[in-house]
Each structure stands twice: as C-alpha cells, then as structure tokens.
**Student:** 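I have a structure I would like to understand better, so I am pasting it below and will then ask my questions one at a time.
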There are 2 protein chains.
Amino acid sequence: MAQRMAGADRQRQILDAAVRVFARQGFHTCRVADIADEAGVAYGLVYHYFGSKEEILDRIFLERWNVMLEVIREIDAGDAPARAKLEAVAGFIVESYRHDPDVMKVIIVEVTRAANSFGRTHLEKIGEAYDLIAQIVARAQADGEFKDTVTPKFAAMAFYGAIEQVLTGWIFDLLPAGEAEYDRAKGLVVETVCGGLDATPASAGTV
Amino acid sequence: MAQRMAGADRQRQILDAAVRVFARQGFHTCRVADIADEAGVAYGLVYHYFGSKEEILDRIFLERWNVMLEVIREIDAGDAPARAKLEAVAGFIVESYRHDPDVMKVIIVEVTRAANSFGRTHLEKIGEAYDLIAQIVARAQADGEFKDTVTPKFAAMAFYGAIEQVLTGWIFDLLPAGEAEYDRAKGLVVETVCGGLDATPASAGTV
DNA sequence: ATAGGGATTGACTGGCGAGTCAACTCAGCG
DNA sequence: CGCTGAGTTGACTCGCCAGTCAATCCCTAT
C-alpha cells in the first residue's frame, strides 16, 4: 500500500496525519489505528517511527512550541516599544492558527490546557513562554511605558490567557472566525490588554 | 464499612471524593475504584448513585457552573458601573477558587478547557457565561463607559481567558498563590483588562 | 417479630486498545 | 543474482478498567 519512502518523509506523513486525527477526535478518544489509517500506513509502522502514542503528541507540541519560543526571543531582542512587541507576539500566535488551525487546536486543547495528566511533562516548556512575555512587560515597566500596578508574571498570564481564549473561541465556534477576524484580532488583543476597555481617561477628563 | 446514610448525603460524599480524585489524578487517569476508595465506599455503590463515571464529572461541573451563571445574572441585573460588575464577576471566580480549589481545578482542567472529547457536551452551558459577560460589556459600550473598538464577545473572551489563565497559574504553581494574592487578583484582572497596561495617557500627557 | 426493600458489597465480565513481533517486501550492492 | 537490512504489514497478546449483578445487610413498617 504505502510506497517505500525516506524515513524523515514517512515520519512527517504520520505526524501530519496524527495532527488531523488529534484535532478531529482528541488525543484520548482516538486510537493509534486511526492515525495509521489517516496516514494510509500499516498499524505497526507507527511504532517503527515513534515509541508511543504520547511521543507523537510530544513531537507535535515541541516542534511548534520551540518555534514560538524562538520567535518571542527574537521579538524581545528588538528595541521596539513593548506594545509593538506584544502585538508581534499576538500576531505570531494568530498567524500560527491561520496557517495551521489543527496544530494550534491540538497544542491548546491537548497540551497547554491539559497540564494535568499529560501536559504536566511540558509544564516547564510552557512556562518558558510566559516568562519571556513577562520579561517584555518587566522592561516596559522599568522604562515607564507600562504602569507597575501588576507584576510582570501576572500581566503575562492575563495577556496569554486572553489570546488563548480567543483562539479557543474560534476553535469551538464561540466567536466568529475568518480571515478578517484574524487580522483584526492581532491588534485587538493588545489594544484590550494594553489600552484597556475603559473609555480613555483623557477624554473622560476633558468633559 | 460505610454506615447507612440518606441517599442525598451519600451521593454528596461520593461527589466530594470524586472532586478530590479528579483534581489529584485527572479524569482520564483515575479509575472509578479510586473514587470509591477515596469515599470509603464499595465500588458498586458508585454505580448505585451515578450512571457512569462521566455523569459524576457532569454533576460536579453543572452544580458549580449553574451557581456561577446565577451570580453573574444577579450582578448584571444591578446598576453598578460595568467595571464594578466585572470586578464582582472576577471576585466571585477567585472566591470560588479560594473556597474550593479542587472543584475549580476540575472544572477548568477537565471541562472548560477540554471542550474536545468530553467538554463538548457542555459547550453551550460554557458559552452562556461568556454571553453574560459580553452583555455587561455591550451595555457599558452603549453607555459610553467602555470604548467600542472591540466586540463585546471578544472582550468577554479576553476577560474570562485572563482570569482562567491566572487560576491556571495558581493551580500549576506558575504564579505565586496565597490569600494575599487572591485578594489582589480580583482587582488586578479588572484593572488590567479595563484600565490597560499602558501608563495612563493622562499622566503621560502631563509630563 | 418478621417481611419487604432500599442500601451496600465486591467478584466478575466483556471489550477495548496500546504495544509487540514474526513474517514479508524490495531497493541497492557486490 | 543472491544477500542484506531497512521498510512495511497486521494479527495477536495482555493488562486494564468501566460497568454488571447476585448476594448480603440492616432499617422500617406493620
């Protein structure tokens, strides 16, 4: 059935199939046989390339998360204002979702937000992202760009939580999704968390 | 072993044990036997009071979530400023966590954030909460208390996501927890989402 | 007293699904 | 042209665990 193929390619093929299956059925609900079927490959071959079902999820998560950590580090290294940096971070996450919603769905639903049971393994890796965002906030507070009423870690959690919840809204059809919404969301998350929902004090003060 | 007891009490006892077990081991990882043991009750008795393992989780979630929906409705019915309403909502959620961290952990980790597989059943119920918060925002926008750069639904997701992520931080020790932090968090989430992280334009303008 | 019936028990079953493995295929190489 | 080893196959094993059920217990009513 499956033609001979270089190892790396076959692995990729199984990984991609797993992403689709995990996104569709959920990690716990799906069987390894489903992944093999989706990939058009024999059951046993999955175990030729991966040690376990969990290892597949590991790989899916780590591959994408490491890219994100790298991107955030680069963004942080620049000298743009913090608000622009946060917008870049939000933008990257939204773009990730636009580019491959299934991968993001799996990461959010099965790893990031499943820190019990499975995700516990990756708690440290997940925390790295929060720390990087916290660092951006901390610097902005030191510069006076952000107020320091909130600890950087707290702000980072609120910021990341807001984004993840918006993605969750798209994933489960609780929020209108679509190209236009994705574009707008990048800015709006930052506008909300940085600018706040309040009508601006400035204009309130001028009344 | 277990003394005779009124049906409702025994059910409660099993429910409470289940909360502890789910919080400790996770829904998928624990066995029904663990719940029975924790409750000090025979295996079969669990099935005398509940139709299935899932039904137990259902009950835990619905009991608490319905209380929350009711509270939010009451808060919304008052005529306080939206910011105070949101603070009340955040306060209730934080108090819920302080009062019974295990229940909130189970709800967040196993239901709210597991909308694939299991939580799908409750998606509608979960959405109700977001809608109620959105309503608060919508009214505030109509009154001019909030800007209308963001759709109410979007703001609701960002707000709820921020809170849930903060709780998640406490649950998994990514954020310092404790009585003082809980008290502060209520206001800070609202301060962050309503007031924004930016140094206020007013004070920036006076420099 | 004692019968009735809900509460309680825990051994047992049935199915499911992760992971194994022995057999097979075949491209490339000497 | 046979040999080798990586790639591929899918039937099979084996443990686990949700859910069943027949037996037992003990409160209550008569």
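Protein chains get the first letters and strands the later ones, always in sequence-line order, with residue 1 at the start of each.
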**Student:** Examine C:dG6: is either OP1 or OP2 under 4.0 Å from a nitrogen or oxygen in the side chain of B:Arg10? Give yes or no.
**Tutor:**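 No, because none of the side-chain N or O atoms of B:Arg10 sits under 4.0 Å from OP1 or OP2 of C:dG6.
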**Student:** Taking for each residue the nucleotide of DNA chain C bearing the nearest heavy atom, is the 5' side occupied by A:Gly44 or by A:Cys30?
**Tutor:**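 Nearest-nucleotide comparison on DNA chain C picks A:Cys30.
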**Student:** Can you check the A:Ile35 CD1 to C:dG19 P distance for me, whole Å?
**Tutor:**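 Going from CD1 in A:Ile35 over to P in C:dG19 covers 10 Å.
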**Student:** Want to settle it: does B:His48 or A:Ala33 sit nearer the 5' end of DNA chain C, counting the closest nucleotide to each?
**Tutor:**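 It is B:His48 whose nearest nucleotide is closer to the 5' end.
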**Student:** In terms of side-chain heavy atoms of B:Tyr43, which of D:dA18, C:dG19, C:dG17 is nearest?
**Tutor:**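 That would be D:dA18.
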**Student:** Between A:Leu57 (CG) and C:dA18 (P), how many Å, whole number?
**Tutor:**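 Answer to the nearest Å: 13 Å.
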**Student:** Please state how far atom NZ in A:Lys53 lies from atom P in C:dG19, giving the value in whole angstrom units.
**Tutor:**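 That distance rounds to 8 Å.
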**Student:** Closest approach to the side chain of A:Val41, judged atom by atom: which nucleotide of D:dA18, D:dG19, D:dT9 is it?
**Tutor:**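 The answer is D:dT9, which lies nearest to the side chain.
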**Student:** Tell me whether B:Lys186 is salt-bridged to B:Glu191, with the criterion being a basic N under 4.0 Å from an acidic carboxylate O.
**Tutor:**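 Not counted as a salt bridge, because no side-chain N and carboxylate O are separated by less than 4.0 Å.
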**Student:** Rounded to the nearest angstrom, tell me the gap between atom CD in A:Glu55 and atom C1' in C:dG19.
**Tutor:**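 So the CD-C1' distance, A:Glu55 to C:dG19, works out to 13 Å.
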**Student:** Just the rounded figure in Å: distance from C1' of C:dT9 to CD1 of B:Ile14.
**Tutor:**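 Going from B:Ile14 (CD1) to C:dT9 (C1'), I get 13 Å.
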**Student:** Would you please classify the geometry between the A:Phe61 ring and the A:His122 ring as parallel, tilted or perpendicular, with 30° and 60° separating the classes?
**Tutor:**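 Judged by the thresholds at 30° and 60°, the geometry between A:His122 and A:Phe61 is tilted.
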**Student:** Considering only side-chain heavy atoms of B:Ser52, which listed nucleotide, D:dT8, D:dG19, C:dG19, is closest?
**Tutor:**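 Looking only at side-chain atoms, B:Ser52 lies closest to D:dG19.
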**Student:** Using atom CD of A:Gln25 as one end and atom P of C:dG17 as the other, report the distance to the nearest whole Å.
**Tutor:**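 It is 10 Å, rounded to the nearest whole Å.
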**Student:** For the residue pair B:His28 and A:His28, categorise the inter-ring angle as parallel (less than 30°), tilted (30 to 60°) or perpendicular (more than 60°).
**Tutor:**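 It falls in the parallel class, under 30°.
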**Student:** From OH of B:Tyr47 over to C1' of C:dT8, roughly how many Å is that when rounded to an integer?
**Tutor:**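 After rounding, the gap between these two atoms is 16 Å.
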**Student:** Which nucleotide wins on minimum distance to the side chain of A:Leu45, given the candidates D:dC17, C:dT9, D:dT8?
**Tutor:**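 Looking only at side-chain atoms, A:Leu45 lies closest to D:dT8.
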**Student:** In whole angstrom, give the distance that lies between atom CG of A:Asp9 and atom C1' of D:dG7.
**Tutor:**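 Checked: the CG to C1' distance equals 13 Å.
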**Student:** Can you list everything that forms a side chain to side chain contact (heavy atoms under 4.5 Å, CB included) with B:Asp37? Sequence neighbours excluded, please.
**Tutor:**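 Side chain to side chain contact (heavy atoms under 4.5 Å, CB included) list for B:Asp37, sorted by chain: empty.
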**Student:** Going by ring pair (Phe, Tyr, Trp, His ring centres under 6.0 Å), name the pairs with one or both residues in residues 171-192 of chain A, residues two or more places apart or in two chains.
**Tutor:**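 Residue pairs passing ring pair (Phe, Tyr, Trp, His ring centres under 6.0 Å), neighbours aside: A:Tyr97-A:Tyr182, A:Trp170-A:Tyr182.
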